[in-house]
There are 2 protein chains.
Amino acid sequence: MELRHLRYFCVVAEELNLTRAAAKLHMAQPPLSRQIKQLESEIGAELFERSARGLRLTPAGQFFHEHTLQILEKIDTTVAAAQRMARSKRVMFGIGFVPSVFYGQLPLLVRELRQKDNVELVLAELTTVQQVKALKSGRIDMGFGRMRIDDPDVEQENLFDEPLMAALPEGHPLADTTPTLAQLAEYPLVLFPAQPRPSLADIMLGLFRRRGLKVTVAQEANELQTALGLVASDLGITLVPEQVKRVRRDGIVYVYLADPGLTSPVICSRRKGEAPSPIMQEANAILEVLVENRRSGRYP
Amino acid sequence: MELRHLRYFCVVAEELNLTRAAAKLHMAQPPLSRQIKQLESEIGAELFERSARGLRLTPAGQFFHEHTLQILEKIDTTVAAAQRMARSKRVMFGIGFVPSVFYGQLPLLVRELRQKDNVELVLAELTTVQQVKALKSGRIDMGFGRMRIDDPDVEQENLFDEPLMAALPEGHPLADTTPTLAQLAEYPLVLFPAQPRPSLADIMLGLFRRRGLKVTVAQEANELQTALGLVASDLGITLVPEQVKRVRRDGIVYVYLADPGLTSPVICSRRKGEAPSPIMQEANAILEVLVENRRSGRYP
DNA sequence: GCTCCATGATACCTCCAGGGTATGGCTCGG
DNA sequence: CCGAGCCATACCCTGGAGGTATCATGGAGC
């Protein structure tokens with residue numbers, strides 16, 4: 001498959017007429033017809049329903065059209081941004097993050113950095129393990145995760161420890177209490193993220209295990225939203241970092257835990273032994289303020 | 001430019017060595033070299049710095065690499081999803097929305113619909129005007145906006161009226177009050193979205209004008225986040241729909257207005273005279289519950 | 001029910017561009 | 001100073017993208 005196919009497909013999907021589409025593309029109708037067929041056979045799905053009176057998009061074709069537009073759009077903006085960067089000596093700054101830190105201060109850091117007009121920000125959702133690799137390859141310059149990983153080329157800084165909270169379905173017996181882990185262990189658990197491991201899920205399991213508590217895992221989920229959905233549906237309870245409580249969802253209540261020291265750290269990773277670039281220095285300065293605010297409780 | 005270029009570029013950017021990259025791509029080195037040069041000349045930017053000892057990514061190249069990965073990834077997932085749809089007779093349901101409704105119940109609707117396994121959801125941020133066009137072309141099936149637009153093929157339903165609030169910088173004289181529009185008119189205004197018009201900005205201006213109040217527009221912004229940033233920086237104040245107060249930002253306070261009837265509607269658009277598909281029926285049912293919840297105040 | 005026309009599909013040809021081979025030129029390490 | 005690696009250039013070859021001519025089909029109009 002080539003971009004040609006996508007470009008042709010978009011025009012045909014708009015015109016729903018091969019002859020007209022071909023004219024618009026400044027080419028003859030037969031080769032266009034062939035390219036479309038080729039696209040369909042490569043994808044392995046019918047995108048159009050043919051009739052003697054023109055074409056109609058199948059549901060798959062409709063879907064493909066929508067996303068093809070987005071893809072072509074993204075290519076255009078990417079090329080344009082790369083050109084800008086080459087001309088203006090702007091520089092890229094890549095940030096990797098695990099989803100669970102994106103409910104806290106990270107958006108503030110991103111927002112601040114975006115304001116700088118000499119930096120092109122790139123965000124990538126990556127697991128902590130992937131972050132290490134991405135740091136080394138230069139794909140990102142800073143990573144935010146929740147796990148410590150030993151690597152000689154990467155240094156990790158513990159920004160702060162965030163309390164864990166329990167997410168319970170509304171009306172749960174423990175909903176208005178400050179339960180202990182032991183109390184929570186009585187109820188089935190929704191574990192997340194189940195994929196890819198190791199992850200916060202293992203930290204959660206470790207907390208129970210270290211206290212000699214046996215838990216029953218009712219359900220696994222890959223995304224926070226799914227996990228919360230399962231909790232709201234009363235399939236189980238789960239533990240989440242405090243920042244997640246910003247995600248208000250009908251049918252969910254968050255409660256603090258009685259056990260002291262039940263925390264999940266937020267860890268910033270950088271390449272070791274590298275002189276900080278100007279942008280890195282700016283990022284560090286912003287980060288310092290955010291962490292300070294957080295410690296002094298200015299952000300809930 | 002063709003996908004081939006992007007695929008090659010990605011491998012080269014990872015290997016940083018044309019010979020090895022060529023081997024990985026099962027091709028000879030010279031044609032690869034040529035394709036990369038061709039890509040660079042088409043983009044009009046150097047992506048690599050050549051040396052006798054291999055290649056290095058320029059900042060633009062780094063940026064391009066990151067986004068190229070995303071593009072290729074998106075193409076893969078799009079193709080896979082289209083295949084799934086063709087096999088399983090899933091159906092597409094497209095939703096268009098203006099940014100300001102995305103802070104309210106819309107995410108709940110999206111979340112519910114995503115759970116259905118016979119529907120492939122497509123979201124598109126579109127202005128109300130674009131939504132009408134997208135509805136007609138079948139790109140989306142339902143649109144959420146804040147403006148009434150007369151079109152014979154589209155029917156609009158007023159879901160509810162949402163109070164407007166003022167967003168003020170922290171410490172503003174009116175911060176702890178319930179001000180009137182007349183009081184607010186004394187201060188410079190941050191207008192948004194400035195592009196594309198017509199938009200909420202015109203509704204805001206209309207509210208002042210209809211009361212015979214003259215406002216000074218200190219600054220225009222295109223995005224909510226920018227607007228709030230400007231407000232936080234004390235460049236002016238602005239009006240926002242109530243749902244926006246979910247966006248907590250340091251340095252911003254939201255206050256209700258004293259004037260009654262200062263509201264911004266949330267309007268749902270659909271194609272007129274079309275028998276609702278099963279998915280549309282499900283969406284309508286969910287919507288009804290959400291609107292009911294909203295009216296009875298169960299969602300803040 | 002027949003014809004006509006619009007539209008997509010098929011057959012076959014042409015030619016350009018993508019890929020191959022051979023080789024040159026540069027830089028760094030020993 | 002020489003050899004090893006690496007990328008660039010020159011030149012050739014072939015597959016496939018695009019063109020032309022034509023066929024097949026089914027709905028509109030009489």
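Numbered from 1 within each chain, the chains take letters A, B, ... in sequence-line order.
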Query raised in the report: Hey, is the side chain of R50(B) poking within less than 4.0 Å of OP1 or OP2 on dC6(D), counting only N and O atoms?
Result: no
Query raised in the report: In whole Å, what is the span from the CE atom of M27(B) to the P atom of dT21(C)?
Result: 11 Å
Report task. Starting from P on dG8(C), measure out to CD on E40(A) and report it in whole angstrom. Result -> 13 Å
Query raised in the report: Rounded to the nearest 0.5 Å, what separation is found between the CE atom of M1(B) and the CD atom of E42(B)?
Result: 7.0 Å
Query raised in the report: Have T127(B) and Q130(B) got a donor and an acceptor in their side chains that come within less than 3.5 Å?
Result: yes
Query raised in the report: Any side-chain N or O of S33(B) under 4.0 Å from OP1/OP2 of dC7(D)?
Result: no
Query raised in the report: Between the base of dA17(D) and the side chain of Q35(A), is there a donor-acceptor distance below 3.5 Å?
Result: no
Query raised in the report: In whole angstrom, what separates R4(A)'s CZ from dA17(C)'s C1'?
Result: 11 Å
Requested in this report: Select base, sugar-phosphate, or nothing to describe what L32(B) touches, counting heavy atoms under 4.0 Å on all strands.
Outcome: nothing
Query raised in the report: With sugar-phosphate meaning primed atoms plus P, OP1 and OP2, does F48(B) contact a base, only sugar-phosphate, or nothing at under 4.0 Å between heavy atoms?
Result: nothing
Query raised in the report: Rounded to the nearest Å, what distance is computed from the CD atom of residue E15(B) to the C1' atom of nucleotide dG5(D)?
Result: 15 Å
**Report entry** Distance below 4.0 Å between T19(A) side-chain N/O and dA6(C) OP1 or OP2
**Finding:** no
Query raised in the report: Please give, in whole Å, the distance from dC23(D) P to Q29(A) CD?
Result: 15 Å
Query raised in the report: Pick the nucleotide of DNA chain D nearest each of Y8(A) and S51(A); which residue has the one closer to the 5' end?
Result: Y8(A)
Query raised in the report: Once you round it to whole Å, what is the distance between P of dG19(C) and CD1 of I36(B)?
Result: 11 Å
Query raised in the report: Using a cut-off of 4.0 Å on non-hydrogen atoms, how would the nucleic acid contact of R34(A) be classed: base, sugar-phosphate, or nothing?
Result: base
Query - Whether over 12 other heavy atoms sit under 6.0 Å from R84(A) CZ - result: yes
Query raised in the report: Which one, dA21(D), dG20(C), dG8(C), comes nearest to the side chain of A28(B)?
Result: dG20(C)
**Report entry** Between P of dG20(C) and CG of L25(B), the distance in whole Å
**Finding:** 10 Å
**Report entry** Minimum-distance nucleotide to L18(B) side chain [options: dC7(D), dG19(C), dT20(D)]
**Finding:** dC7(D)
Query raised in the report: Just checking Q38(A): base, sugar-phosphate only, or nothing, at a heavy-atom cut-off of under 4.0 Å?
Result: sugar-phosphate
Query raised in the report: Nearest to the side chain of R20(A), which nucleotide is it out of dT7(C), dA8(D), dG18(D)?
Result: dT7(C)
Query - Point-to-point distance, once rounded to the nearest 0.5 Å, from CG of L72(B) to CZ of F9(B) - result: 10.5 Å
Query raised in the report: Passes side-chain contact (heavy atoms from CB on, under 4.5 Å), M147(B) versus V98(B)? Steps please.
Result: CA-CA 10 Å; M147(B) 301 212 309; V98(B) 298; over 6 Å; no
Query raised in the report: Separation of E49(B) atom CD from dC26(C) atom P, in whole Å?
Result: 19 Å
Report task. Check whether any side-chain N or O of N17(B) sits under 4.0 Å from OP1 or OP2 of dC7(D), and answer yes or no. Result -> yes
Query raised in the report: Would you say Q62(B) and V91(A) make side-chain contact, with heavy atoms under 4.5 Å?
Result: no
Query raised in the report: Given dT10(C), is OP1 or OP2 found less than 4.0 Å from the side-chain N or O atoms of K37(A)?
Result: yes
